[in-house]
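Just so it is clear: chains get the letters A, B, ... in the order the sequence lines come, proteins before strands, and each one is counted from 1. Both backbone and side-chain heavy atoms feed into the values below; hydrogens, waters and symmetry mates do not.
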There are 2 protein chains.
Amino acid sequence: MTTSPYHHGNLREALVGVAVDVVRERGPEALVLRELARRVGVSHNAAYRHFADREALVDAAAERALEALVATIRRRLARVEEQDPVRRARRRLMEIGVGYVEFALAEAGLFRLLFTAYPDPPDGAHGDGEGDDPYGMLNAALDELVEVGYLAARDRVGADVTCWSAVHGFAVLNVEGPLRGLSADERDAALTGLLLGIDRGLGAGGDWPSLADG
Amino acid sequence: MTTSPYHHGNLREALVGVAVDVVRERGPEALVLRELARRVGVSHNAAYRHFADREALVDAAAERALEALVATIRRRLARVEEQDPVRRARRRLMEIGVGYVEFALAEAGLFRLLFTAYPDPPDGAHGDGEGDDPYGMLNAALDELVEVGYLAARDRVGADVTCWSAVHGFAVLNVEGPLRGLSADERDAALTGLLLGIDRGLGAGGDWPSLADG
DNA sequence: ATGCGATGTTGACATTGGTAACTCCAAACG
DNA sequence: CGTTTGGAGTTACCAATGTCAACATCGCAT
């Protein structure tokens with residue numbers, strides 16, 4: 001309501017909003033400052049009162065994208081009802097992977113945005129809180145796997161990078177890489193295979209039954 | 001020598017050449033038509049006699065990048081001297097991964113170029129020749145693993161996607177993702193862990209000794 | 001020699017990100 | 001209640017880029 005024709009009210013939010021819209025529709029490369037201004041009904045250059053430059057706006061939008069990704073993963077995690085601690089932990093790890101890929105495919109634009117402007121490294125500092133980022137959630141899940149005895153502590157090191165690499169690679173290849181064009185069925189099968197492979201690899205120390213059957 | 005001041009001789013090659021140079025130095029986004037022309041000492045627009053548009057030139061450069069990647073992998077494969085068929089096959093698969101990542105890190109610009117303009121899918125059609133692309137080489141290596149009895153035929157399906165995903169993901173995260181900034185040592189360790197994990201996962205059917213020791 | 005087609009050139013145009021200088025309004029202060 | 005001050009938007013402008021159209025130049029076949 002406080003929208004006098006001049007002072008917009010909260011241009012910043014509005015800009016980030018349309019930015020997200022545009023990215024969802026046409027990808028990060030379609031993120032054009034002047035068009036955003038047009039859409040919001042404001043002159044170009046208005047944006048410069050709120051963002052240092054184009055990149056700053058892109059970063060702001062990327063933050064939104066990250067939240068969306070986290071939300072998707074959380075949603076998937078919440079659906080796990082498994083009771084047995086070991087099976088539960090393993091299932092949770094898989095769901096993180098599924099959620100990650102689900103988001104990448106459903107929101108290809110946002111997913112790509114996320115990695116054209118990523119907030120630098122996650123700073124090896126894992127181990128504190130669960131973190132509100134996917135990497136933190138992954139680490140939490142892996143720690144859980146150690147606690148329940150599925151993953152040998154010795155194999156915990158590097159497991160995060162391995163898991164992330166596999167799932168991220170799968171997502172990238174399917175979204176913008178040579179694997180786009182796979183049918184939904186092929187994709188699902190491949191992803192299941194990938195995740196089961198990880199699950200099997202992590203638990204290779206003991207003699208656990210596959211999550212696939214049962 | 002045939003360089004009269006007017007007709008350049010073979011502009012096409014020259015353009016692709018400097019394009020590759022620029023990408024190596026400053027990445028794919030620095031690939032600016034007009035600058036290439038300047039570098040070659042020709043007027044802008046000259047390029048349009050040889051390329052339909054910017055994208056066509058990018059594609060041509062990407063082709064070069066692909067060749068370079070393949071060369072790097074071949075070089076690594078050629079160095080494997082292992083005699084025992086099983087160990088040899090396993091080692092070869094690992095070297096493909098190492099080569100892939102090595103290239104991504106050493107030639108970050110070219111690697112990124114490769115995936116900003118990728119020649120569509122590899123067309124599920126694997127099984128013919130080894131192919132001169134990394135995907136073909138990967139498939140050949142996996143087939144070899146089946147032949148020597150390390151990889152169960154049943155697990156062959158999807159193994160290609162799993163391997164590619166893991167290695168590609170690792171490369172991407174390290175080159176342009178949140179894992180850039182890892183020290184060389186950390187990176188090496190993580191990659192070794194990843195590749196051993198794959199090796200272990202593929203051979204999980206039998207009871208093979210790790211490639212790490214011995 | 002000559003004329004034609006491939007190869008380059010010049011000139012223009014619309015778009016984009018960005019800077020500078022101006023304007024407008026609202027709230028703080030006397 | 002008037003004024004001033006500064007945040008928020010605006011217009012004017014610039015250089016760079018991709019691309020199109022029209023023109024120039026050269027070599028080779030006739």
For residues 64-73 of chain A, tabulate all N or O donor-acceptor pairs below 3.5 Å that involve a side-chain atom, not counting sequence neighbours.
from, atom 1, to, atom 2, distance (Å)
Arg64(A), NH2, Glu13(A), OE1, 2.4
Thr72(A), OG1, Ala68(A), O, 3.1

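- Side-chain to base pairing of Arg49(A) with dG9(D): one donor and one acceptor N or O lie within less than 3.5 Å of each other.
- Atoms CG (Asn10(B)) and C1' (dC26(D)) sit 16 Å apart, rounded to a whole Å.
- Not counting sequence neighbours, the partners of Tyr150(A) by the ring pair (Phe, Tyr, Trp, His ring centres under 6.0 Å) test are Trp208(A).
- Arg39(A) has its CZ atom 12 Å from the P atom of dT16(C), to the nearest Å.
- Aromatic ring centroids of His168(A) and Tyr135(A) lie 6.0 Å or more apart.
- Partners of Phe103(B) according to the ring pair (Phe, Tyr, Trp, His ring centres under 6.0 Å) rule, which considers only residues two or more places apart in sequence or in another chain, do not exist here.
- Not counting sequence neighbours, the partners of Arg200(A) by the salt bridge (Lys or Arg N to Asp or Glu O under 4.0 Å) test are Asp155(B).
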inquiry  = Across nucleotides 11-18 of chain D, 5' to 3', mark each nucleotide with B, S or - according to how protein heavy atoms within less than 4.0 Å reach it.
reply    = BBB---BB
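- When the P atom of dT15(C) is taken as reference, atom CG of Leu36(A) falls 16 Å away, rounded to whole Å.
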For residues 15-33 of chain A, dump all side-chain donor-acceptor pairs below 3.5 Å to protein atoms at least two apart in sequence or in another chain.
from, atom 1, to, atom 2, distance (Å)
Arg24(A), NE, Glu107(A), OE1, 3.2
Arg24(A), NE, Glu107(A), OE2, 3.2
Arg24(A), NH2, Glu107(A), OE2, 2.8
Arg26(A), NH2, Glu35(A), OE1, 3.1
Glu29(A), OE1, Arg112(A), NH2, 2.6
Glu29(A), OE2, Arg112(A), NH2, 2.9

